[in-house]
Novice: 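The structure that follows is given in the form of structure tokens.
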Amino acid sequence: MVSFHGSQTTSSTATLTHSPIYHAIIQAGPRLKPLQQVHARITVTGSGRSRSLITKLLSFAYAATSPISYTRALFFSIPNPDTFLFHSLITLTSKFKFPQESLLYYRRMLLANISSSNYTFSAVIKSSADLMTFSIGKTIHCHVLICGYGLDTYVQAALVSFYAKSGHVGIARKVFDKMPDRTVVAWNSMISGYEQNGFGKEAIGLFHLMRDSGVKPDSATFVSLLSACAQVGASGLGCWVHEYIARNNFDLNVVLGTAMINMYSRCGNVIKAREVFYSIKEKNIVAWTAMISGYGMHGHGSHALELFSEMRVNGPQPNTVTFVAILSACAHAGLVNEGRRIFASMRQEYRLEPSVEHLVCMVDMLGRAGHLNEAYQFIKDMPKEPAPAVWTAMLGACKMHKNFDLGVEIAEHLLSFEPENPGHYVMLSNIYALAGRMDRVEKVRNIMIRNRLKKEVGYSTIDVDQKVYLFSMGDKSHAETNQIYQYLDELMGRCREAGYIPASESVMHEVEEEEREHALRYHSEKLAIAFGLLKTGPGVPIRIVKNLRMCEDCHAAIKHISVIANREINVRDRLRFHHFKDGSCSCRDYW
DNA sequence: TTAGGGTTAG
């Protein structure tokens with residue numbers, strides 16, 4: 001590697017662009033080999049005395065593939081790098097997603113006593129966010145304050161994004177609230193921060209605040225907003241975004257389009273999702289995968305398979321995420337042979353190594369379909385100890401097919417290496433309850449109480465007139481609680497007359513029969529449905545989003561409600577969609 | 001020249 005000794009002066013821009021070496025760099029472009037050839041020329045001719053040439057060379061090298069070892073060596077060959085070189089390197093490495101390199105140069109810059117600007121600060125904060133290094137980011141925040149950049153718009157927006165990406169939404173909001181002049185990017189950072197941390201409702205709330213404060217949303221705002229709508233099932237607002245985009249002639253680029261596909265799919269409208277998918281001009285693998293996944297969560301396995309085949313002919317190469325989506329679609333539609341074939345093709349045709357997610361899909365697919373032995377053998381054949389998620393899928397299959405012995409064995413195995421996971425205890429308890437072993441159910445419950453392990457709280461949301469309402473089990477916080485409960489009692493009475501029998505084993509703890517029925521009756525989804533039926537006119541479909549899986553009792557009850565109330569009811573639970581109509585569910589009870 | 005955006009299992 002060449003060294004650049006002596007006191008180098010930076011050529012003026014005019015001299016630089018007239019240099020034949022400069023033209024050779026431009027011609028080489030972001031290709032490592034040709035750049036290295038130009039570098040050799042620089043070495044031989046001694047033109048390396050020009051720092052600008054080296055900086056230009058570096059900028060192209062970063063745009064090339066796998067440039068790290070080369071560019072790093074190039075950098076370390078330069079004695080006393082100047083401010084300009086450091087700034088270029090930090091912004092380039094951050095831009096081209098080499099966050100570790102970016103922080104390395106920042107450290108060297110500090111050691112060389114060269115001060116940072118708002119450009120370098122925003123770049124290294126972004127790098128800390130990409131690297132998920134909270135302590136480094138916090139330290140840089142201190143540097144920012146010491147150096148007097150605490151009120152710089154760009155730096156602040158980067159900080160908001162950094163804190164949100166590291167899961168500290170509260171701190172992000174504090175930084176955001178302190179900003180004197182909030183740009184659209186700052187709003188977007190905070191909205192996206194909420195959405196990505198699972199605070200969809202807060203993201204939507206902040207969007208309304210943004211509009212009230214007169215800041216015009218842009219395409220990135222809508223991408224995050226659509227994701228938030230998808231999260232909480234805010235179909236009304238999601239449709240409004242679609243109309244707004246059309247009315248204001250926004251370009252439906254692939255990122256915005258994909259967010260829209262996801263919103264429509266997760267809000268229950270797979271037909272609209274499909275329309276958007278076909279209207280995107282330049283569809284990439286993410287868009288194709290989103291659409292396949294949309295079909296999958298609605299149980300449209302054959303549509304997912306058709307699209308997957310179409311993609312193999314007309315579309316981009318599937319990636320590992322695509323395979324998760326298609327395998328999951330096969331699992332939910334009971335398409336076992338197709339799933340087996342696709343799983344085999346991953347390695348054979350696409351040279352993609354299956355990861356935990358793919359193995360989980362396979363166990364889930366085989367298990368759901370009742371091939372418990374094959375699923376178990378599939379796990380046993382794995383070369384190393386399977387991840388807990390694989391066993392969890394197997395446990396789910398045991399519960400589904402009421403295989404008590406195997407279920408207990410697996411639950412105990414899971415608990416031996418994840419003793420703090422309340423989900424496993426709940427599952428074990430459910431399996432005991434199915435086998436009528438209420439003494440064991442009580443025992444599991446006591447262990448949970450002793451170890452202070454809490455079951456995740458279930459809740460359901462419903463969108464009425466562009467407003468999202470949330471219900472938890474036995475919720476009495478709503479203004480119209482009395483009416484809701486009265487109507488629900490009436491509905492359940494009519495369900496009973498129509499032949500519905502409460503599935504009391506869905507209640508975890510051991511209580512008297514009457515009390516168990518009472519606990520079932522006020523599950524969050526039933527309350528949300530009663531509210532929806534009261535608040536919307538005849539024929540309007542009811543759309544519910546539940547954070548956990550629906551219990552068997554609710555599934556059975558909603559089938560009856562769809563007949564009694566003569567209404568289409570769509571429920572998205574943690575795993576998939578259930579479209580209830582005329583007494584049956586689109587999942588054909590396969591869930 | 002800076003800051004913000006889409007897809008995946010249980």
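This is a predicted model, so every value here is computed, not measured. Proteins come first, then strands; the chains are lettered A, B, ... in the order of their sequence lines, and each starts at number 1.
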Novice: To the nearest angstrom, how far is A:Lys95 atom NZ from B:dA3 atom P?
Specialist: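 Whole-Å distance recorded here is 9 Å.
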Novice: Just to confirm, is there a sub-4.0 Å distance from OP1 or OP2 of B:dA3 to any side-chain nitrogen or oxygen of A:Ser189?
Specialist: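 Indeed not, no polar side-chain atom of A:Ser189 lies that close.
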Novice: Would you mind telling me which of B:dA9, B:dT2, B:dG10 lies closest to the side-chain atoms of A:Glu357?
Specialist: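 From the listed options, B:dA9 comes nearest.
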Novice: Would you indicate which nucleotide in B:dA3, B:dG10, B:dT8 comes nearest to any side-chain atom of A:Val321?
Specialist: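 Nucleotide nearest to A:Val321's side chain: B:dT8.
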Novice: A:Ser328 side chain: which of B:dG10, B:dA3, B:dG6 is closest?
Specialist: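 Among B:dG10, B:dA3, B:dG6, the one nearest the side chain of A:Ser328 is B:dG10.
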Novice: Under 4.0 Å between a side-chain N or O of A:His358 and OP1 or OP2 of B:dG10?
Specialist: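 Checking A:His358 against B:dG10: no side-chain N or O falls below 4.0 Å of OP1 or OP2.
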Novice: Distance check needed: B:dA3 P versus A:Phe121 CZ, whole Å only.
Specialist: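 After rounding, the reported distance stands at 15 Å.
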Novice: Which value, rounded to the nearest 0.5 Å, describes the distance between A:Leu395 atom CG and A:Leu414 atom CG?
Specialist: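 Between A:Leu395 CG and A:Leu414 CG, I get 6.0 Å after rounding to 0.5 Å.
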Novice: Between B:dG6, B:dT1, B:dA3, which nucleotide has the shortest distance from any of its atoms to the side chain of A:Thr91?
Specialist: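 Nucleotide nearest to A:Thr91's side chain: B:dT1.
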Novice: Quick one: label A:Thr183 by what it contacts on the DNA or RNA (base, sugar-phosphate, nothing), any heavy atom closer than 4.0 Å.
Specialist: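 Base contact.
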Novice: Do the rings of A:Phe162 and A:Phe134 sit parallel, tilted or perpendicular, given the 30° and 60° boundaries?
Specialist: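 Taking A:Phe134 first and then A:Phe162, their aromatic rings lie parallel (interplane angle under 30°).
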Novice: Cation-pi check, A:Lys283 to A:Phe277: give yes when NZ or CZ is under 6.0 Å from the six-membered ring centre and within 45° of the ring axis, no otherwise.
Specialist: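 Flagged: A:Lys283 positioned over aromatic ring of A:Phe277.
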Novice: Whether A:Asn262 contacts B:dG6 is assessed here as follows: a side-chain N or O lying under 4.0 Å from the phosphate OP1 or OP2. Is that the case?
Specialist: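 For B:dG6, neither OP1 nor OP2 has a side-chain N or O of A:Asn262 closer than 4.0 Å.
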Novice: Does A:Arg266 have a side-chain nitrogen or oxygen under 4.0 Å from the phosphate oxygens OP1 or OP2 of B:dT8?
Specialist: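 Checking B:dT8 against A:Arg266, a side-chain N or O does come within under 4.0 Å of OP1 or OP2.
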Novice: Between A:Thr289 and B:dT8, is there a contact of a side-chain N or O with OP1 or OP2 at under 4.0 Å?
Specialist: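 A:Thr289 to B:dT8 OP1/OP2: no side-chain N or O under 4.0 Å.
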Novice: Kindly confirm whether the side-chain ring of A:Tyr119 is stacked on the base of B:dT1, judged by centres under 5.5 Å and planes under 30°.
Specialist: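 Yes, A:Tyr119 stacks on the base of B:dT1, since the ring centres sit under 5.5 Å apart and the planes are within 30°.
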Novice: Between A:Leu256 (CG) and B:dG6 (C1'), how many Å, whole number?
Specialist: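 From A:Leu256 CG to B:dG6 C1': 9 Å.
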Novice: Would you write out the dot-bracket form of DNA chain B, 5' to 3', with Watson-Crick and G-U pairs under 3.5 Å, [ ] for crossing pairs, | for pairs to other strands and . for unpaired bases?
Specialist: ..........
Novice: What pairs of residues pass the ring-ring contact (aromatic ring centres under 6.0 Å, His included) test when at least one of them lies in residues 321-342 of chain A, not counting sequence neighbours?
Specialist: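 Every ring-ring contact (aromatic ring centres under 6.0 Å, His included) pair that includes a residue of residues 321-342 of chain A, provided the two are not neighbours, is A:Phe308-A:Phe323, A:Phe323-A:Tyr350.
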Novice: Starting at atom NZ of A:Lys165, determine the distance to atom P of B:dG5, rounded to an integer number of angstrom.
Specialist: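 Result: 4 Å.
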Novice: Please list all pairs passing the salt bridge (charged side-chain N to carboxylate O under 4.0 Å, His left out) test where one or both residues lie in residues 409-422 of chain A, with sequence neighbours left out.
Specialist: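 Residue pairs with at least one partner in residues 409-422 of chain A: there are none.
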Novice: Is any N or O donor-acceptor pair between the side chain of A:Thr258 and the base of B:dG6 shorter than 3.5 Å?
Specialist: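 When only heavy-atom distances are counted, A:Thr258 does reach the base of B:dG6 through a donor-acceptor pair under 3.5 Å.
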Novice: Is the distance between the ring centroids of A:Phe222 and A:Phe250 under 6.0 Å?
Specialist: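 Ring centres of A:Phe222 and A:Phe250 closer than 6.0 Å.
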Novice: Choose from B:dA3, B:dT8, B:dA9 the nucleotide whose nearest atom is closest to any side-chain atom of A:Val360.
Specialist: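 The listed nucleotide nearest to A:Val360's side chain is B:dA9.
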Novice: Side chains of A:Ser127 and A:Asp130: any donor to acceptor distance under 3.5 Å?
Specialist: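 Distance-only check fails for A:Asp130 and A:Ser127.
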Novice: Measure from the side-chain heavy atoms of A:Tyr154 and tell me the nearest of B:dT7, B:dG10, B:dA3.
Specialist: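 Shortest atom-to-atom distance from the side chain points to B:dA3.
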Novice: Once you round it to whole Å, what is the distance between C1' of B:dA9 and CG of A:Leu352?
Specialist: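 It is 16 Å, rounded to the nearest whole Å.
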Novice: Expressed in angstrom and rounded to an integer, what is the separation of A:Arg574 atom CZ from B:dA9 atom C1'?
Specialist: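 Checked: the CZ to C1' distance equals 12 Å.
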Novice: Between B:dT7 atom P and A:Glu282 atom CD, what is the distance in whole Å?
Specialist: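 Result: 20 Å.
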Novice: Angle class for the A:Tyr244/A:Trp240 ring planes (parallel below 30°, perpendicular above 60°, tilted otherwise)?
Specialist: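 Ring orientation, 0 to 90° scale: tilted.
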Novice: Which residue pairs pass the salt bridge (charged side-chain N to carboxylate O under 4.0 Å, His left out) test with at least one member in residues 181-191 of chain A, sequence neighbours excluded?
Specialist: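 Sorted pair list: A:Asp177-A:Arg182.
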Novice: Using atom types as modelled, flag every donor-acceptor pair under 3.5 Å from a side chain in residues 136-145 of chain A to any protein atom, sequence neighbours excluded.
Specialist:
from: A:Thr139; atom 1: OG1; to: A:Ser135; atom 2: O; distance (Å): 2.8
from: A:His141; atom 1: ND1; to: A:Tyr163; atom 2: OH; distance (Å): 2.7
from: A:His143; atom 1: ND1; to: A:Tyr106; atom 2: OH; distance (Å): 2.6

Novice: Can you figure out which of B:dT7, B:dG5, B:dA9 approaches the side chain of A:Ala290 most closely?
Specialist: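 From the listed options, B:dT7 comes nearest.
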Novice: Is it true that A:Arg341 and A:Glu338 have a side-chain N and a carboxylate O under 4.0 angstrom from each other?
Specialist: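 Salt bridge flag = no for A:Glu338 with A:Arg341.
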Novice: Using a 4.0 Å heavy-atom cut-off, does A:Ala325 contact any base of the nucleic acid, only the sugar-phosphate backbone, or nothing at all?
Specialist: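 Contact class for A:Ala325: none.
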Novice: Give one of base, sugar-phosphate or nothing for A:Val363, where a contact means two heavy atoms less than 4.0 Å apart.
Specialist: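 Answer is nothing: A:Val363 stays at 4.0 Å or more from every strand.
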Novice: Please pick, from B:dA9, B:dG5, B:dA3, the nucleotide with the shortest atom-to-atom distance to any side-chain atom of A:Ser224.
Specialist: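 For the A:Ser224 side chain, the nearest candidate turns out to be B:dG5.
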Novice: Which part of the nucleic acid does A:Asp364 contact within heavy-atom distance under 4.0 Å: base, sugar-phosphate only, or nothing?
Specialist: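 Sugar-phosphate contact only - A:Asp364 comes under 4.0 Å of backbone atoms but never of a base.
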Novice: Could you tell me whether A:Ser192 contacts a base, only the sugar-phosphate backbone, or nothing, with contacts defined as non-hydrogen atoms closer than 4.0 Å?
Specialist: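 It contacts sugar-phosphate atoms only.
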Novice: Could you state the atom-to-atom distance from NE2 of A:His332 to C1' of B:dT8 in whole Å?
Specialist: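 Whole-Å distance recorded here is 11 Å.
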Novice: Between the side chains of A:Arg312 and A:Glu349, is the shortest nitrogen-to-carboxylate-oxygen separation below 4.0 Å, so that they form an ion pair?
Specialist: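 The answer is yes: the pair qualifies as a salt bridge.
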Novice: Residues from residues 204-220 of chain A sitting under 4.0 Å of DNA chain B, heavy atoms only?
Specialist: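 Hits under 4.0 Å, by residue number: A:Asp218, A:Ser219, A:Ala220.
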